[in-house]
Amino acid sequence: MITITLPDKSQRQFESGVTGMDVAQAISPRLAKEVLAVSVNGAVWDLNRPILEDAEIKLFKWEDREGQETFWHSSAHLMAEAIETYFPGTKFGIGPTVDTGFYYDIDLPEGKQITEKDLEKIEKLMLELSRQKNNIVRSEISKADALKMFETKGDALKLELISELEDGTITLYNQGNFTDLCRGPHLPNTEYIKAVKLTAIAGAYWRGNEKNKMLTRIYGVTFPKQKMLEEYLILMEEAKKRDHRKIGKEMELFTFSQKVGQGLPMWLPKGTMLRMQLEDFLKKVQKKFGYEQVMTPHIGDVNLYKTSGHYAKYGADSFQVIKTPQEGEEYMLKPMNCPHHCELYAFKPRSYKDLPIRMAEFGTVYRYEQSGELHGLTRVRGFTQDDAHIYCRPDQLKDEFKKVIDIIFIIFKALDFKDYTAQISLRDPNKPEKYIGSPENWDKAERAIIEAAEEKGLITVTELGEAAFYGPKLDFMIKDALGRKWQLGTIQVDYNLPERFELEYIGADDKRHRPIMIHRAPFGSMERFVAVLIEHTAGKFPLWLTPEQVVVLPISEKYNEYAKGVSDFLNNSDIRSLVDDRNEKIGRKIRDNELKRIPYLLVVGEKEAETQTISVRRQGQGDIGTMRWSEFEQLVQTEVREQLSSFYN
RNA sequence: GCCGGGGUAGCUCAGGGGUAGAGCGCUUCCUUGGUAAGGAAGAGGUCACGAGUUCAAUUCUCGUCCUCGGCUCCA
């Protein structure tokens, strides 16, 4: 007999060799129906893998990430099985899960190509295979046997993977006629997979290296219920409507021009208004935090970037140097603002009493991003960073870092960004040669970031080896409408640039010391931020505005969407009456195209309950007072009315 | 940059070797307390750009530019 400990610490006795599924059965038949995977002493296992010794286990259902991953990973195998049937001779790379669903990298037989139509057929095939209810069987295999097996199949990709694995750790999974090298875990059988949608075909380099062969990557997503798939597809449709590129065009916020060049966004009047509101807001916050605005040119002498080290990094792959009539004179479009700011710091001798010095600039920078990478406003070639550099003493580092986190909190709160990820990026301890600066300084900087984040109550994920070569950093990521993650705010500690620019301050000891530099951009860039903001807020009117500023809300151009969006706030009859008022004045109804020209609607807060009391503040006026929602709605109505009349008069 | 889709009216898109269509929008007029409506008339396109094949190219071929989904990269 062995003892199985459940998450609630309760213990049960079972025969040795009991499976996760057996335990689930013993608890309840319903659980047994829903359970997808089991963790045994922390490792996720197949449900039907025998447990031989005492263990702590946890059962995972669809609601658990582990359950979904198991489900989707098995789905990837099912897809591979279907593809092998559909295109015999296909070689398989890897088939992992992603945030939503899974993919498989495949190498199609010579001359074969896969199209959207093929996907539908493969989907059908997958469902047929699923109905065969084939058991997914795990088996351990020696390295030699594994190599032999995939050699006979002629599968070079798998051979490469196997050759890197240690003997004794290699497992195979089989279902029906399909066997794949795999660590697992998997579902007990294929029948669990009830709904399939293959979402995309894409090219991908083998093992992510562009020198390797380009494989075909097929993305898919599966669900245990057909209804869940339908809901998912509707969600994706909704998300597409929120795409900032679509809304940006509809609302005339920004545009691109073929003649101006790719990746170079231009802000239309309404978009400029929105952007300036954000800039003003941040400037105000920064002023409170002791920042000083500075301005620097868009170009700089090549030597500036050679000093900073950016030339080495951006030189060859960037916009090329600008020549002048003067022989040997070369300038570059600035790829970042830091070198200029360092020269501002070096403008005069600094005392330890002067520090910290906080220089802020909405600095437009230019980077030659790979053409295939450009994407709406989220990835462009010319963009404006809400940049600032803080030069401080080592003893000020942590405190300054915390203050930057405060600023980011203020912004995220103001704009109702709740669902973000904070990532601490540290150096790779095994590769000290990758980083500059003394290990002591690195230790200090990393500790400062970790402690600052902790003291601010920030929930973070830590990534080793993700640090910049000059220092560790803290990044904030937000998802766009389609769930893609974008890095927005970033705070980076830098020991490198002060060194390269020989920045100094005179300490209390009358000796020269090197300041530490913090790079930070709470928005990241205005372009990317506005993009994410649009997707984040679109469709869930009212926009935002909480603490002490009113930010403009772009309203959708379509009357229907407008009415639908605002109905959270004001019901439709309110809107109609506003329109009717206007109607009387001008002797006829306001038409859609007139209404849509009203550029912005001011709204505050987010409605939670009819009777909820909220405190409302207004930019430039501060606190307006505490009021109920009904009163607040009145206020908003007045706002709308004013906007309407100011628009027409 | 690489792999694979696209580029036709302001927008969303259909079409396809014989120089263009729809819906919405736009303009003018009419109608209308069932109106987030209806009617009539109208404006608007060198079918992304360049070259080639052809009697004839928006349609086929090639190149260029732009764009979309990914890969690598990044704010």
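All values reported here derive from a predicted model rather than from experimental measurement. So that the names make sense, note that chain A is the first sequence line, chain B the second, and so on, each numbered from 1.
The gap from the C1' atom of B:A75 to that of B:C3 amounts to 26 Å, rounded to the nearest Å. Taking atom P on both B:C47 and B:A20, the two are 10 Å apart, rounded to the nearest angstrom. Taking atom P in both B:A9 and B:U46, one finds a spacing of 9 Å when rounded to whole Å. Nucleotides B:U12 and B:U67 are separated by 15 Å at their P atoms, to the nearest Å. Going from the C1' atom of B:U64 to that of B:G6 covers 16 Å, rounded to whole Å. Taking the C1' atoms as reference points, B:C30 lies 45 Å from B:C49, given to the whole Å. A distance of about 26 Å separates the C1' atoms of B:C13 and B:A41, rounded to the whole Å. For B:C11 and B:G45, the C1' atoms lie 14 Å apart once the distance is rounded to whole Å.
Taking atom CZ on A:R245 and atom P on B:G69, their separation rounds to 4 Å, with Å as the unit. A straight line from CG of A:L253 to C1' of B:C11 spans 16 Å, rounded to a whole angstrom. If you take CZ of A:R217 and C1' of B:G5, they are 18 Å apart, rounded to a whole angstrom. The interatomic distance linking A:F469 (CZ) with B:C73 (C1') rounds to 16 Å, in whole Å. Between A:E361 atom CD and B:A75 atom C1' there is a gap of 15 Å when expressed in whole angstrom units. For the pair A:H244 NE2 and B:U67 C1', the interatomic distance rounds to 13 Å; values are reported in whole Å. Here B:A75 presents its P atom at 6 Å from CD of A:Q492, a figure rounded to the nearest Å. The distance between atom NE2 of A:H375 and atom C1' of B:G70, rounded to the nearest whole Å, is 12 Å.
Taking for each of A:R381 and A:G263 the nucleotide of RNA chain B with the nearest heavy atom, the 5'-most of the two is the partner of A:R381. Between A:T490 and A:A202, the residue anchored closer to the 5' end of RNA chain B is A:A202, taking for each the nucleotide with the nearest heavy atom.
Considering every non-hydrogen atom in both A:F92 and A:K158, the closest pair reads O-CE, 3.3 Å. A:S75 approaches A:F102 most closely through the heavy-atom pair CB-CE2, 3.4 Å. A:R245 and A:F254 get closest at one heavy-atom pair: CA-CZ, 4.2 Å.
A:Y205 contributes a side-chain N or O that forms a donor-acceptor pair with the base of B:G1 under 3.5 Å. Judged by distance alone with a 3.5 Å cut-off, no donor-acceptor contact links the side chain of A:R367 to the base of B:C73.
Side-chain atoms of A:Q423 and A:T421 include no donor-acceptor pair closer than 3.5 Å.
With values rounded to the nearest 0.5 angstrom, A:R427 atom CZ is found 4.0 Å from A:E446 atom CD. In this structure, CD on A:Q320 lies 10.5 Å from CG on A:L333, to the nearest 0.5 angstrom.
With both pairing distances under 3.5 Å, B:C71 is matched to B:G1 as a Watson-Crick or G-U wobble pair. Across the strands present, B:C62 finds its partner in B:G50; the criterion is a Watson-Crick or G-U wobble pair with both atom distances under 3.5 angstrom. The pairing partner recorded for B:C24 is B:G10, the criterion being a Watson-Crick or G-U wobble arrangement whose two distances lie under 3.5 angstrom. Pairing of B:G34, defined by two Watson-Crick or G-U wobble distances under 3.5 Å, is not identified with any nucleotide. Using the Watson-Crick or G-U wobble rule with both distances under 3.5 Å, B:G44 pairs with nothing in any strand shown. Of all nucleotides present, only B:G18 satisfies the Watson-Crick or G-U wobble test against B:C55, with each distance under 3.5 Å.
OP1 or OP2 of B:C71 sits under 4.0 Å from a side-chain N or O of A:Y219. Using a 4.0 Å cut-off, no side-chain N or O of A:K249 falls inside it from OP1 or OP2 of B:G10. Listed pair A:S371 / B:G1 meets the phosphate criterion, a side-chain N or O lying under 4.0 Å from OP1 or OP2.
Within 4.0 Å (heavy atoms only), A:Q370 reaches at least one base atom of the nucleic acid. Across all strands, A:L488 comes closer than 4.0 Å only to sugar-phosphate atoms, never to a base (heavy-atom distances). Using a 4.0 Å heavy-atom distance criterion, A:V365 is classed as making no nucleic acid contact. Counting non-hydrogen atoms under 4.0 angstrom, A:Q262 reaches the backbone sugars and phosphates but no base.
When the nucleotides B:C66, B:C74, B:G1 are ranked by their closest atom to the side chain of A:R528, B:C74 comes out on top. Taking only side-chain atoms of A:E369, from C-beta outward, the nucleotide of B:A75, B:C71, B:C65 with the closest atom is B:A75.
Look at A:W486 and the base of B:A75; the rings do not stack under the cut-offs of 5.5 Å between centres and 30° between planes.
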Expected list for residues 378-390 of chain A: side-chain donor-acceptor pairs under 3.5 angstrom, two or more places apart:
residue : atom : partner : partner atom : Å
A:T378  : OG1  : A:H375  : O            : 2.8
A:R379  : NH1  : A:E373  : OE1          : 3.2
A:R379  : NH2  : A:E369  : OE1          : 2.6
A:R381  : NE   : A:E369  : O            : 2.9
A:R381  : NH2  : A:E369  : O            : 2.7
A:T384  : OG1  : A:R275  : NH2          : 3.1
A:T384  : OG1  : A:T364  : OG1          : 2.9
A:Q385  : OE1  : A:N337  : ND2          : 3.2
A:D386  : OD1  : A:F523  : N            : 3.4
A:D386  : OD1  : A:G524  : N            : 3.1
A:D386  : OD2  : A:F523  : N            : 2.6
A:D387  : OD2  : A:N337  : ND2          : 2.9
A:H389  : ND1  : A:H341  : ND1          : 2.8
A:H389  : NE2  : A:H519  : ND1          : 3.2

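Using a 4.0 Å cut-off between charged nitrogen and carboxylate oxygen, A:E160 and A:K91 do not count as a salt-bridge pair.
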